Amino acid sequence: MEKEIWEGGQMSIINVDEEKCVGCNACVRECPASEANIAKLDDTGHLRIIINDEKCIKCGACIKACSHGARSFQDDLEPFLKDLKNGKEIAIIAAPSIKIAFDGNWRHALQWMRNQGVKDIYDVGYGADICTWAHLRYLEKYPDKKLISQPCAAVVNYVVMHRPELIPHLSPIQSPMMCIAIYIRKVLGFRGKIAAISPCIAKIDEFRETKVIDYNVTMEHLKKYFHETGVELPKIKVYSEFEFDEYQGMEGSIYPRPGGLMKNLLIHAPEMEVATSEGTNKLYDELDIYLKQKKEYLPTVFDVLNCEYGCNGGPATGMDYQRFVMNDIMHSVERYARRLRKKNTTKKGIDKQFAEFDQTLNLQDFIRTYQSKKVETKNVTEKEIEEAYKMLSKETEIEKHFDCHACGYKSCRDMAIALAKGINEKENCHEYMMKMIGKERQKVSEVNQEVLTMNQELIEIFGELSNNIESVKDEADSISIVGAKSSDEMQNVANHMNDLKQLNQKIIDSVGNINESVEKYNAMTQDVEKIAGKINLLSLNAAIEAARAGEAGKGFAVVATNIRALSDSSKTSVGSARENDEEIHEAISNINVVVDKFDNTIGELLTAVDEAITEARHTSENSEHIKNSMEKVSEIADKVQEVIHETNKILN
């Protein structure tokens, strides 16, 4: 995800996609503003480089340096197209480097914008001619001035943000883009909005500061828009040879190349002392040197450009032309400009263009003032720098001057200062990390030795474990066999118990039959008792009748007496039978109790036997599981031993 807001700051023009950032420090290495990049470790421990927009000069060097596509920039293309679509009155000023960016299709690109409703299109080369004129007239007025050119917005940002001491030397003449925009408003009276077709990211700061130009539309983003929307430039019909309104620039059209301003100045003032410098790798160091030089050694004009190949190689041209190709295109532009200049020069050598500028332009309209925007920076003491060296494990002078540049800084001291300021991490130091790696290797070596010792012990332990596993497996086999045998024997016991239960049931059935017979016997004794009673009654009646009969009844009395004796005998027998019956009932009752207890006991025994059989079977099954588990453990132990042996080979 792109990081557009740095911690505690405002939205950045140059953005960082932290997911793509690998912390290679290429951006730090190329950045002329050392504190604009902040190295931080993210939550995962990876180094990321974020931007402090308050210190970023928008030079774009980091975008070109980043090979991972982690950096991008913003411009005003989107609001420009939106306003154009909504019918806003917009004029365009096109930088001369458009001829490089769009090569043979630059006229078609401008014609497309005219077709979309752009009111007028102006050549910034003409603004460069005004810029040259203004420099000459200013230096004529102030011949002792020593100027640093300011057409490059990145240089202006650097001076006002990081070297405000140079502001007195910064040329007060507006840039070519500002000159043409001021011309459009002051001379032509245009009141609409102005969009600059620009090769520069930093121009957005210039436009916001001066409030004359409304949009910074970069060539790179415009080309991307054409590609994404299917605009085929070669198919766009161009209605005139030159589509610029008003005048086209002369030698001002070569401003985008290195030394462009110098060449323009020398055409009109051949004796003027002009020096040049281009490229982030040397320009900003030379500006620091410039600040320290005596005035007498300084050139009248120090013509400087941030980009090595000038504006033609600007970070927002969207082209990666080689130097010689750009030079060839600019050479053609220069030849054409010389022809135009020749036509505009009288036989007396009067430059018609400059003569017109003298009559129609007011130098003061093209003067710019600057305010320091120097941001607060933490000043570090030598003590803090020494503490930073210690954090980096740099104790000797050799270590403090290792200066490998891997951190992105020119020296270890610069890295120590950045660390003391809190804008970098010690992990960003290559030498520090190498030392840490060396220490870690030593620790690893020591750990390896411990691992070797432990591995040897493990081998012995696993040897014993293997033996124990075999013993467990054998025991499990024995348990399984015993369990199976116990299960069979308990089954036999269960079978015998079932036989006893069946025999007991037969006893219960027989006792039941006896109980039924005893009940029948009781009924019979009751019947005998009833008969004896009746016999006794009959004997009594017979005795009475025998007494009545007197002598004649004596024989009947004998019979009655025998009957009574029979009745008494029957009662006595019945009484004895009842006593025997009660004893039989008691005996049978005791038998029933015993039989019931026996039956219950048999049931409990059968339950216990069934449970024993089940447990025996489970024991057999569990022993089988134990055996299988031990086999798996044995396999794992073998694999572990193999790993240990392989580890030992590696460690040795």
Side-chain angles (χ1 to χ4, degrees), residues 32 57-59 95-97 124-125 127-180 182 198-200 202-203 205-206 209-210 249 251-270 272-280 282-291 293 295 297-314 330 363 366-370:
I57 65 173
K58 321 296 189 303
C59 67
S97 52
V124 171
D129 290 335
I130 295 174
C131 184
T132 303
W133 166 83
H135 271 91
L136 290 170
R137 298 297 177 259
Y138 181 83
L139 288 170
E140 288 171 0
K141 189 175 181 179
Y142 302 101
D144 292 333
K145 283 286 186 179
K146 303 292 184 179
L147 302 181
I148 298 172
S149 67
Q150 68 84 277
C152 184
V155 172
V156 174
N157 282 344
Y158 178 79
V159 171
V160 298
M161 289 180 179
H162 301 282
R163 294 290 184 272
E165 306 93 321
L166 288 170
I167 288 178
H169 294 281
L170 197 57
S171 173
I173 307 304
Q174 297 277 13
S175 69
M177 281 189 169
M178 286 299 301
C179 285
I180 188 64
I182 293 169
S198 160
C200 180
K203 280 293 180 184
D205 283 340
E206 179 180 300
E209 178 73 21
T210 56
E251 284 88 353
S253 296
I254 65 171
Y255 257 58
R257 79 181 189 186
L261 172 60
M262 178 182 70
K263 187 149 191 175
N264 274 262
L265 290 172
L266 294 178
I267 289 173
H268 301 278
M272 183 182 290
E273 183 181 359
V274 184
T276 64
S277 183
E278 303 86 21
T280 56
K282 69 171 185 174
L283 166 62
Y284 297 98
D285 288 339
E286 291 182 352
L287 284 175
D288 291 342
I289 295 172
Y290 182 98
L291 187 62
Q293 288 295 321
K295 185 178 178 179
Y297 296 133
L298 297 177
T300 303
V301 176
F302 188 27
D303 182 17
V304 296
L305 291 172
N306 173 81
C307 299
E308 183 179 3
Y309 300 125
C311 299
N312 290 328
M330 281 290 104
L363 178 63
F366 301 94
I367 296 296
R368 179 182 176 184
T369 58
Y370 307 94

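On a predicted model such as this, the values are computed, not experimentally measured, just so you know. All values below were derived from every heavy atom in this structure, side-chain atoms included, with hydrogens, water molecules and symmetry-related copies excluded.
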Quick one, Y138 with I367, criterion side-chain contact (heavy atoms from CB on, under 4.5 Å). Give me CA distance, side-chain angles, the key distance, then yes/no. CA-CA 9 Å; Y138 181 83; I367 296 296; 4.2 Å; yes
Roughly how far apart are L166 CG and L291 CG, rounded to 0.5 Å? 4.5 Å
To check you understand the geometry: which heavy-atom pair defines the closest contact between S277 and E286, and what is its length? OG-OE1, 2.6 Å
Any chance you could measure E165, atom CD, to Y290, atom OH, to the nearest 0.5 Å? 13.5 Å
Atom CD1 in I254, atom CE in M262: separation rounded to 0.5 Å? 9.5 Å
Are the side chains of V301 and M272 in contact, using a 4.5 Å heavy-atom criterion? yes
Stepwise side-chain contact (heavy atoms from CB on, under 4.5 Å) check, V274 with T300: CA-CA 6 Å; V274 184; T300 303; 5.7 Å; no
Residue pair P96 / V124, side-chain heavy-atom distance below 4.5 Å: yes
Closest contact, heavy atoms only, G127 versus C179: O-CB, 3.4 Å
Looking at side-chain heavy atoms only, is the closest gap between I57 and M161 below 4.5 Å? yes
For the backbone of E251 and the side chain of N264, can you confirm whether one donor and one acceptor N or O come within less than 3.5 Å of each other? yes
If you take all heavy atoms of Y370 and I173, which pair is closest and at what distance? OH-O, 4.5 Å
Could you check whether any side-chain heavy atom of P256 comes within less than 4.5 Å of a side-chain heavy atom of P199, counting everything from C-beta outward? no
Establish, from distance only, whether the side-chain atoms of Y158 and N306 form a donor-acceptor pair under 3.5 Å. no
Which atom of G260 lies closest to which atom of D303, heavy atoms considered: N-OD2, 3.8 Å
Separation between OG (S149) and CG (L305), nearest 0.5 Å, reads 6.0 Å
Working to the nearest 0.5 Å, report the span between CD of Q174 and CD1 of I182. 4.5 Å
Under 3.5 Å, is there a donor on one side chain and an acceptor on the other for S175 and E206? yes
If you define the side chain from C-beta out and look only at heavy atoms, does anything of C311 sit under 4.5 Å from Y255? no
Nearest heavy-atom neighbours spanning C59 and T280: SG-CG2, 4.5 Å
Is K145 atom NZ crowded by more than 12 heavy atoms from other residues, nucleotides or ligands, each under 6.0 Å away? no
Could you check Q150, R368, H135 and say which one makes a side chain to side chain donor-acceptor pair (under 3.5 Å) with S171? H135
What distance do L170 atom CG and L147 atom CG have between them, rounded to the nearest 0.5 Å? 9.0 Å
Are any non-hydrogen side-chain atoms of V160 and I167 less than 4.5 angstrom apart? yes
Within a strict 4.5 Å, meaning less than it, do heavy atoms of the S198 and M177 side chains meet? yes
Taking the side chain as every heavy atom from C-beta outward, state whether I148 and V304 have any pair of such atoms under 4.5 Å apart. yes
